[in-house]
Structures are given as C-alpha cells and as structure tokens.
2 protein chains.
Amino acid sequence: MATRSQRADALSKERIVEAAIEILDTEGESALTFRALTARLATGSGAIYWHVANKNELLAATTNDVIARVMTVGDAEPHDAIRAIALGMFDAIDAHPWVGAQLSREPWQLAMLRIFEAVGGPLRRLGVPERAQFNCASALVNYILGVAGQNAANARLVTAGTDRTAFLGGLADQWARLDAEEYPFVRQIAAGLPEHDDREQFLAGIDLILAGIDALIP
Amino acid sequence: MATRSQRADALSKERIVEAAIEILDTEGESALTFRALTARLATGSGAIYWHVANKNELLAATTNDVIARVMTVGDAEPHDAIRAIALGMFDAIDAHPWVGAQLSREPWQLAMLRIFEAVGGPLRRLGVPERAQFNCASALVNYILGVAGQNAANARLVTAGTDRTAFLGGLADQWARLDAEEYPFVRQIAAGLPEHDDREQFLAGIDLILAGIDALIP
DNA sequence: ACCTGAACACCGTTCAAGT
DNA sequence: ACCTGAACACCGTTCAAGT
C-alpha cells in the first residue's frame, strides 16, 4: 500500500479547510470536531495539528475562505456597490450560518478586513470626507456583522426545531402574550413578524445608514 | 451541622445566576464551568441542574439580568433617549464583555426584547410611520448587537495579550503592512486606529442611523 | 422537594513513536 | 518532514442514592 505522502490527496491546510467547510455546511457548527475531521480525512489528530495550529486558526481559515469568494467588488454606482456587498454577505451567511457566528466571535481578522476594504472604495467614491470614512465604514461593517450573528443564531434555532414559518409564528404568539404595559412595542411588532422578510429588512437598515452617510457629503 | 436546606443561603436560581455573573466578570467566559460553580456554591452539579435546565438557560438568565439593569428608559427627547440606551448597552458590554458574546449568540430572548422595547418608544415619539418602525428598531438593535459582539471579542483578545493601546498599535502596524494594491482603504484607516475612540465611533454609527430615520419622518 | 457526587460520553490538544 | 493514535486534562449532563 502506498504511504500517505505518496498519495495525490496528501494532507495540506487547503484540504483540511475544505473538509472542515464541508462538515460545517452539512452538519453544522457543533459537528466540527477533530475526531470528525480525522475520520473524514482518514488520518490522526496529530497530522491535522501539523498543518493547523489549533481549532481557532482552522475556523478563521474557513471563514476567510468563504468571505473571499463573496467580496468581489465591482465598479457599480457607490450606493449600489455597498448594497451588493451587504447582500452578498447576507446570502453567504444564509448559506453558511457558521460564518456569521465566527465573524462575530473573532474580529480583526482577514475576513473582516476584506469587508472593510470592499466598503471603503465606494465610500471614497461617494465623496465622504476622509476623516468620516472610518466611522462610516465601521457603522456599515458593524451592522452587517450584527445581522450576520443574529442570522447564524436563528439558523441554529430553526434547524433544531421545526421549519422557519412555524418557528416565527410561535415566536409571534409568544411576543403577543407579553405584558401589555411592559412590552407595547414588541406586541405591536409581533403582528408583522411572520410575514416579514429578513433580507428586505436587512437592506432597509443598510439604506438608513446610507441615507445618514449621504447627509455627511459636502 | 445544619443541612443545606436550613441555611439562609439555600440554593436558588437567583443565587446561581449571581455566582455565575461573578465568575464571568472576574475570570471571563471560559472560567464559567459547572465545576467552578459547584466549588463556589459548595454544592454538587445535580443541585444546580435542579434549579437551571442547562448552561444555555443559565447564560440567558445572566444576560437578561445585566440588560434589565441598563434598560431603564427615561422620557428624554427621542434622539437623546436612543443615544442613552445605545450608550448604556455599550458601557454594560464594556463592563461585562461576555454579555456581548451571549447576545450575538442567542437572539429572540428576553434581553433582546428589552432593547427593542426601549428603542421602540422613542421611535414612536419621533413620528416614524408605523410600518417603518419595525425596520428602524431592527436596524438600531442589529447595529448595537454587532458592536456588542465585536467588543466582547476584542476584550477577549486584549485580556489574553497585553494592554489595549499596545494591542491596537500592533494591529495598526499589521494593517499598514498589508498589500497596497489589495488593501488601500485598510492601510489608510490604520493610521487612525491607535487613537480612535470606540465609544465615539459607536455613537457616530448611531447618529448615522438616526439621520437616516429622520429622513423617513413625514 | 432538594441535594450529592460518581459516572458517562464527549471535547481540544499533546507527544512519543513511527516512516 | 510528515503522520499515527494513545493519553491527558478537561467539559456538560445524567442519575441512583441520599436527606
């Protein structure tokens, strides 16, 4: 039998990251263990540690991988470019909820810098004064990451329970039964919860920030 | 010796939550284990499970506890009321970084509803059309939670390493050394990183959203 | 009803030993 | 240089047994 080092599929960081993404996508965050990885890659845990420092680095690499695929910035009109980046993030996290969790857990990583960069170009082209650009980019990135984290958490809850509409319906019922004195606003919102569109609401938030940014342009 | 049930400090959910908050505040998220809790409360793990379903419920209870203390909404001018809530959240998460992590991990919980409610009143008083209120509140809450998550993660990183200014300085150096073609915006921002004020930047983001909201008022 | 604590089924990570 | 896999030091959670 050939030794591992002679095989075409020799272990490498890329192969490990690829396998990790597969596990995360198909079985969820909690399924990514070194034991699951060694089983899938038919190797020992020490072999994985030879290529990857620890689980945190592995998760950072998987996240960066997914984000890099999304952050291809075009030369559209700046508002549209920012909307496109935001929606790209939204859809990526919809498809890979674990990315949202990772982003809100470990910031200052390549993945976040990519988002900053993608948003920075359009802000410049919009004519936002340079000293305001950091704040504007930060607002957009923080909002995007906030939604990302929530969506990741929601995906976890929905997968665990039944389907999405049933889940939201149950939640709306719960909200509607809250104390009328203490939670008037939440009760009002509850009615709109089942038919509300996460993606649309996400974009509405982006547009609020964009409108605020427009007001800064001389 | 008196049996536990006769003691004044008999176990209760409140005492468990209180002890958990103490551990989280003084030793960090990773220090909160059932073994640490049993040691501090001088009891067995089964006793804790009698009062609390599992670790998730315990964390939800600790988070709700901290948020409830913050969300006392006054009757200030609506913009100021929203700023006060936002800053209250910021400071609470600055003091208890684990709250930020928990909020971005488990949404749709009492803690988040409290923030929604606190923000909803001022939005109403501003005269935001009813059908836009949900979107506006959601934008504010998501932004706040996004920053919360990032701050929690930062606190983790800073505690692990050296002090904050040294950490930011090192980060700025790293950013400044990124590829000039691929990361022009991040490199530009790097210069302002060490002396930038998180709290001020957070508030700048809130003001962007508020400006966008103002544009919706008929 | 409430508490004890051993036991179970997991984790991430290390490391001596192999090739 | 790269890989193996047993072993270590942890986890959260359960449950028979106590009071």
Side-chain angles (χ1 to χ4, degrees), chain A residues 1-24 27-63 98 101-102 105-106 153 156-157 160, chain B residues 1-24 27-63 98 101-102 105-106 153 156-157 160:
Chain A
M1 203 200 284
T3 63
R4 173 153 304 283
S5 54
Q6 294 169 320
R7 287 182 23 193
D9 60 344
L11 213 51
S12 65
K13 186 164 173 179
E14 294 82 58
R15 273 196 69 227
I16 295 170
V17 168
E18 192 188 323
I21 291 179
E22 258 175 56
I23 293 174
L24 287 164
E27 298 172 72
E29 272 181 85
S30 63
L32 181 65
T33 66
F34 277 82
R35 279 162 182 82
L37 262 180
T38 56
R40 180 174 288 245
L41 293 166
T43 183
S45 58
I48 294 174
Y49 277 96
W50 180 262
H51 295 279
V52 158
N54 50 41
K55 194 173 182 180
N56 260 341
E57 194 199 293
L58 178 58
L59 280 169
T62 59
T63 306
W98 50 273
Q102 178 60 16
R105 205 180 300 130
E106 300 282 332
R156 245 184 329 248
L157 287 177
Chain B
M1 197 191 297
T3 63
R4 173 153 302 286
S5 56
Q6 293 170 321
R7 289 183 21 194
D9 60 345
L11 214 50
S12 65
K13 183 163 175 182
E14 294 81 59
R15 274 197 68 228
I16 295 170
V17 168
E18 193 188 321
I21 290 177
E22 259 176 55
I23 294 175
L24 288 164
E27 297 172 72
E29 271 181 85
S30 62
L32 181 65
T33 65
F34 277 83
R35 279 161 182 82
L37 263 181
T38 57
R40 182 174 286 243
L41 292 166
T43 183
S45 57
I48 294 174
Y49 277 95
W50 180 261
H51 295 279
V52 158
N54 50 43
K55 195 173 182 180
N56 261 340
E57 194 201 293
L58 178 59
L59 281 169
T62 58
T63 305
W98 51 273
Q102 178 60 17
R105 206 180 299 130
E106 301 282 330
R156 239 180 339 242
L157 286 176

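Numbers restart at 1 for each chain; the letters A, B, ... are given by sequence-line order, proteins then strands.
Protein atom CH2 of A/Trp50 is 6 Å distant from nucleotide atom P of D/dA1, rounded to whole Å. Atom pair A/Leu11:CG and D/dA1:C1' shows a separation of 13 Å (rounding to whole Å applied).
Across all non-hydrogen atoms, the minimal contact from A/Gly44 to A/Thr38 is C-CG2, 3.5 Å. Minimum interatomic distance between B/Ala61 and B/Lys13 (heavy atoms only, all atoms of both residues): CB-CE, 4.1 Å. Across every non-hydrogen atom of A/Ala36 and A/Ala31, the tightest pair is CB-O, 3.5 Å.
Screening residues 41-54 of chain B for salt bridge (Lys or Arg N to Asp or Glu O under 4.0 Å) gives no qualifying pairs among residues at least two apart or on separate chains.
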Sort me out a list of protein N/O and nucleotides 11-13 of chain C N/O pairs below 3.5 Å, or just none if empty.
{"unit_1": "C/dC11", "atom_1": "N4", "unit_2": "A/Arg35", "atom_2": "NH2", "d": "3.2"}
{"unit_1": "C/dG12", "atom_1": "OP1", "unit_2": "A/Lys55", "atom_2": "NZ", "d": "2.6"}
{"unit_1": "C/dG12", "atom_1": "OP2", "unit_2": "A/Phe34", "atom_2": "N", "d": "3.0"}
{"unit_1": "C/dG12", "atom_1": "N7", "unit_2": "A/Arg35", "atom_2": "NH1", "d": "2.9"}
{"unit_1": "C/dG12", "atom_1": "O6", "unit_2": "A/Arg35", "atom_2": "NH2", "d": "2.8"}
{"unit_1": "C/dT13", "atom_1": "OP2", "unit_2": "A/Tyr49", "atom_2": "OH", "d": "2.8"}
{"unit_1": "C/dT13", "atom_1": "OP2", "unit_2": "A/Lys55", "atom_2": "N", "d": "3.0"}
{"unit_1": "C/dT13", "atom_1": "O5'", "unit_2": "A/Tyr49", "atom_2": "OH", "d": "3.0"}

Pair up each side-chain donor or acceptor in residues 45-56 of chain A with any protein partner under 3.5 Å, not counting sequence neighbours, and list the distances.
{"unit_1": "A/Asn54", "atom_1": "OD1", "unit_2": "A/Asn56", "atom_2": "N", "d": "3.2"}
{"unit_1": "A/Asn54", "atom_1": "OD1", "unit_2": "A/Glu57", "atom_2": "N", "d": "3.0"}
{"unit_1": "A/Lys55", "atom_1": "NZ", "unit_2": "A/Leu32", "atom_2": "O", "d": "2.7"}

Exercise. Under 3.5 Å for both distances, Watson-Crick or G-U wobble, that's the pair rule; now give the dot-bracket for DNA chain C, with | marking pairs to another strand and [ ] for crossing ones.
Key: ||.|||||...|||||.||

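Taking 4.0 angstrom as the limit, A/His51 places a side-chain polar atom (N or O) nearer than this to OP1 or OP2 of D/dC3.
By the side-chain hydrogen bond (donor to acceptor under 3.5 Å, both in side chains) test, A/Arg40 is found to be paired with A/Glu22, residues two or more places apart in sequence or in another chain being considered. Taking the salt bridge (charged side-chain N to carboxylate O under 4.0 Å, His left out) definition, one finds that A/Glu14 meets it with nothing, sequence neighbours left out. Annotation: side-chain contact (heavy atoms from CB on, under 4.5 Å) contacts of B/Ala39 (sequence neighbours excluded): none.
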